[in-house]
Amino acid sequence: MRPSGKLHLGNYYGALSNWLDLQTKFPCYYMVADWHALTSDYADTTQIESNVWEMVIDWLASGLDPSRCIIFRQSWVREHAELHLILSMITPVPWVERNPTYKEQMQEVKTKDLSTYGFLGYPVLQAADILVYKGSRVPVGEDQLPHLELTREIARRFNHFYGPVFPEPQAMLSKSPKIMGTDGRKMSKSYNNAVLLSDSKEQIAVKVKAMYTDPTKIRLTDKGHPEGCSVYNTHVLYTPEYAEIEERCKAGTLGCVACKSRLTETLSAGLEPIRARRSEWEKKPRAVEDIVREGTLKAAAVAAATMVDVREALHFKPAPGAQP
């Protein structure tokens, strides 16, 4: 996950909730993708370091357990960069140009210049992130399937040229609900439409008040269409009686103001356990850093072993003084 600061509901339901389940079933690697942050934030890196720790604290507050999974930082494992360089040599340009996320971001993000080699090629770095651990399964949402297919294609091409080094990682699709932002689009901090896991009740109230609703429902008695409403879609996640809300909205017996007020209460209550755990982790910054350092050492050992195999496949001799 890219360190863009504190996490929001889309991050939680799109990834974290699935990670919490997987850590009880598989040996899992969860990576702070700080080099990936440079693909869009290269012009100003002053916030990346603080964003790293804000994000990790949200991971821990949400329930990631370092005794059950490996939490590590990408830039502290240099083998990621080495493998990315090697894979970039064999990846055809049209493979990365067809990336749908690249096209979407180029159209949507107008505040940053994304016309860089790094942004175009970030899926190759993603492939290196996976293949350097010889990952067999990757938890993704449907929107990430093209990225994982590219990873398989790159692994296949490497194996064809140099021999069978990498497995072809398979997707573990997460059944995550669609999380709509306050403006009705996909929730994203890039769009300034996100509800953060750490938001106070007062902050939640302001954001819920601004949430996009059915534009055809102007008066309380107007019959609504909740399926396209950001408020209703969030009720489904946090309000046990969401079916009643849907029924009353459609019948014209529940107004948007009352609906939003109810969501403020249930959403704030639902996020309270995460906020409480977050408050405790914020008091222990050294413990948080130790968790990432220990996880990075474990990840780096695996990555280093993989790169021995890669260099042998390329018929490259190890550097003087390097471990065989």
Side-chain angles (χ1 to χ4, degrees), residues 1-4 7 11-39 48 51-87 122-141 143-145 147-152 154-155 158 165-174 176 281 287-310:
M1 192 179 292
R2 285 178 42 165
S4 56
L7 302 184
N11 301 133
Y12 183 84
Y13 287 100
L16 266 178
S17 60
N18 190 35
W19 291 8
L20 298 179
D21 178 56
L22 292 176
Q23 71 176 347
T24 68
K25 301 174 181 177
F26 303 98
C28 295
Y29 293 75
Y30 297 129
M31 184 185 80
V32 178
D34 50 351
W35 273 334
H36 280 288
L38 291 175
T39 60
I48 291 179
N51 286 346
V52 165
W53 303 109
E54 292 284 11
M55 185 180 74
V56 172
I57 286 173
D58 273 338
W59 286 4
L60 298 170
S62 296
L64 278 194
D65 182 349
S67 69
R68 290 181 162 183
C69 62
I70 293 175
I71 298 173
F72 72 101
R73 187 167 176 174
Q74 181 187 33
S75 66
W76 289 355
V77 184
R78 296 183 180 181
E79 286 81 1
H80 286 250
E82 182 182 4
L83 183 57
H84 170 229
L85 174 66
I86 292 169
L87 297 181
Y122 81 82
V124 184
L125 179 55
Q126 283 186 327
D129 297 333
I130 297 166
L131 296 177
V132 79
Y133 300 101
K134 298 188 178 180
S136 59
R137 284 168 283 195
V138 185
V140 292
D143 61 331
Q144 289 288 312
L145 286 177
H147 291 174
L148 191 56
E149 178 56 29
L150 175 62
T151 297
R152 284 195 293 271
I154 292 173
F158 184 98
V165 173
F166 298 117
E168 294 184 20
Q170 302 302 310
M172 295 185 70
L173 278 175
S174 54
S176 56
W281 280 113
V288 175
E289 184 170 336
D290 286 345
I291 287 169
V292 177
R293 288 190 179 278
E294 290 172 12
T296 298
L297 289 174
K298 295 175 183 177
V302 177
T306 296
M307 290 312 299
V308 170
D309 295 341
V310 169

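Being a predicted model, the structure only gives us computed values, none of them experimental.
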Between [atom1] on residue [X] and [atom2] on residue [Y], distance to nearest 0.5 Å:
| X | Y | atom1 | atom2 | answer |
| --- | --- | --- | --- | --- |
| Lys134 | Phe166 | NZ | CZ | 7.0 Å |
| Leu64 | Ile291 | CG | CD1 | 10.0 Å |
| His80 | Ile130 | NE2 | CD1 | 10.5 Å |
| Ile48 | Leu38 | CD1 | CG | 4.5 Å |
| Gln126 | Gln74 | CD | CD | 9.5 Å |
| Arg68 | Lys25 | CZ | NZ | 11.5 Å |

Quick one: does [X]'s side chain have a donor or acceptor within less than 3.5 Å of a partner on [Y]'s backbone?
| X | Y | result |
| --- | --- | --- |
| Thr151 | His147 | yes |
| Thr39 | Trp35 | no |
| Gln23 | Gly63 | yes |
| Ser17 | Tyr12 | yes |

What are the two closest heavy atoms between [X] and [Y], and how far apart are they?
| X | Y | answer |
| --- | --- | --- |
| Ala128 | Leu83 | O-CD2, 3.8 Å |
| Gln170 | Arg152 | NE2-CD, 3.7 Å |
| Leu16 | Asp58 | CD1-O, 4.4 Å |
| Pro169 | Leu131 | CD-CD2, 4.1 Å |
| Leu20 | Ser62 | CD1-O, 3.2 Å |
| Met55 | Arg2 | SD-O, 3.3 Å |

Show your reasoning for whether side-chain contact (heavy atoms from CB on, under 4.5 Å) applies to Val310 and Val132.
-> CA-CA 9 Å; Val310 169; Val132 79; over 6 Å; no

Those residues that, when tested against Tyr29, pass side-chain hydrogen bond (donor to acceptor under 3.5 Å, both in side chains) (two or more places apart) | none

Trp59 and Val288: side-chain contact (heavy atoms from CB on, under 4.5 Å), yes or no, with the steps?
-> CA-CA 10 Å; Trp59 286 4; Val288 175; over 6 Å; no

side-chain contact (heavy atoms from CB on, under 4.5 Å) partners for Glu294, two or more places apart = Asp290

List for me each residue that meets side-chain contact (heavy atoms from CB on, under 4.5 Å) alongside Thr296, sequence neighbours excluded, and say none if there are none.
-> Phe72, Arg73, Trp76, Val77, Val292

Going through the checks in order, is the salt bridge (charged side-chain N to carboxylate O under 4.0 Å, His left out) test met by Glu289 and Arg293?
-> CA-CA 6 Å; Glu289 184 170 336; Arg293 288 190 179 278; 2.9 Å; yes

Decide yes or no on side-chain contact (heavy atoms from CB on, under 4.5 Å) for Phe26 and Met172, but give the supporting numbers first.
-> CA-CA 12 Å; Phe26 303 98; Met172 295 185 70; 3.8 Å; yes

